[in-house]
Amino acid sequence: MPQCEFNLLTPYTFSELIEPEMTDSELTELVRRNCPPPEFPTSFDRGVWQSIAVRENRKFSLVMNRFIAEHLQWLLKPVGATAIIAGTILVGASLGSLTSARQSETVLKAAYTASINPILSAHSSSPQ
Amino acid sequence: MIKALIILLAALGAGGIAFFGIRDSGLATTSLRFGHDGKSRLPELEWLRTKLDLNSEQLARVTEIHEAYRPTCEKLCMKVMASHTKIKALARPETTVSPELEEALKEHALLHVECQKAMLNHLHKTASVLTRQQAQTYLEALLPQIIELPLEPGEDAHDHP
């Protein structure tokens with residue numbers, strides 16, 4: 001009985017073993033005997049996952065390219081680039097100014113509170 | 001694609017630099033103004049001046065009250081420090097609460113109350129030279145810290161005419 005190698009199981013080889021009068025169960029048995037479960041190399045799983053990852057990356061890259069082409073194309077024009085840079089500077093400066101004002105108020109309030117609170121003053125004057 | 005991403009990252013970087021630059025320069029200005037103003041004798045009153053938008057007359061009265069309170073505050077501060085030293089000395093070698101330590105803790109608690117009383121008197125004296133709205137803002141900002149309890153929302157801290 002020829003041993004069924006995974007890659008030798010061509011329709012032609014297999015058809016030679018089949019007899020016309022075989023029943024379904026005989027056919028199933030033939031397949032079972034001649035095609036034992038294939039033994040995969042240990043690296044098979046890793047290889048499959050690597051292939052999936054490559055596909056996913058390609059997909060991500062394609063999606064990114066499409067997104068940029070559809071929505072960020074204007075960035076490549078001088079007006080668009082200038083506008084986005086000016087916009088982020090404006091937003092950054094506004095937030096910085098707001099944060100600075102809040103923190104300044106906290107610092108000044110803490111200084112006033114310390115100046116009228118003997119308990120706080122004693123804590124800050126005490127050697128650790 | 002790369003070029004668009006570079007522009008986007010450059011824009012975000014510029015925004016970040018603007019944020020930190022403005023924030024830090026603002027804080028540096030505050031420290032400078034607070035530390036070495038030279039114009040103000042009492043830089044700790046800067047918060048009051050800006051927060052309550054005091055006019056020159058009010059600022060002069062507040063400064064006067066603040067200066068008058070200073071000796072009391074310093075005296076209490078010295079007492080608190082002495083009390084801390086005493087408690088530390090008594091607590092260190094003991095494994096149990098000795099009668100002396102208990103007495104020192106009681107004295108410390110009484111001193112704490114004395115400090116709170118002095119601060120509350122000072123707050124109300126300062127508030128008395130402010131307008132109703134200013135006094136309310138002032139007391140709402142400071143009372144919770146002095147009484148060490150938060151005020152209930154909507155509670156009126158202002159109770160003087």
Between [X] and [Y], what is the shortest heavy-atom contact and its length?
| X | Y | result |
| --- | --- | --- |
| B:A18 | A:A93 | CB-N, 3.8 Å |
| B:C73 | A:P118 | O-CB, 3.5 Å |
| A:A81 | B:I7 | CB-CG2, 3.9 Å |

TODO: Please look at B:L76 and chain A and tell me whether the side chain, the backbone, both or neither of the residue comes under 4.5 angstrom of a heavy atom of that chain.
DONE: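 Both backbone and side chain.
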Open item on the list: With a 4.5 angstrom heavy-atom cut-off, is it the side chain or the backbone of B:K79 that approaches chain A, or both, or neither?
Closed with: neither
TODO: Name all residues meeting the side-chain hydrogen bond (donor to acceptor under 3.5 Å, both in side chains) criterion together with B:Y138; count only those two or more places apart in sequence or in a different chain, and write none if there are none.
DONE: A:Y112
Working to the nearest 0.5 Å, report the span between [atom1] of [X] and [atom2] of [Y].
| X | Y | atom1 | atom2 | value |
| --- | --- | --- | --- | --- |
| B:T72 | A:I116 | OG1 | CD1 | 12.5 Å |
| B:Q145 | A:T113 | CD | OG1 | 4.5 Å |
| B:L8 | A:I85 | CG | CD1 | 9.5 Å |
| B:K51 | A:L108 | NZ | CG | 11.5 Å |

Task: Whichever hydrophobic residues join B:F19 through chains of side-chain contacts under 4.5 Å - done: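 Its cluster mates, by chain and number, are A:V91, A:L95, B:F20.
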TODO: Considering only heavy atoms, give the residues of residues 103-121 of chain B separated from chain A by less than 4.5 Å, sorted numerically, with 'none' for an empty result.
DONE: B:H112, B:C115, B:M119
Task: Heavy-atom contacts under 4.5 Å, residues 9-17 of chain B to chain A - done: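 Residues in range: B:A11, B:L12, B:A14, B:G15.
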Task: Any side-chain heavy-atom pair of B:K3 and A:L75 under 4.5 Å - done: no
Open item on the list: Within the structure provided, determine whether B:R70 and A:S115 are in side-chain contact (heavy-atom separation under 4.5 Å).
Closed with: no
TODO: Examine distances only and state if a side-chain atom of A:K109 and a backbone atom of B:A141 form a donor-acceptor pair shorter than 3.5 Å.
DONE: yes
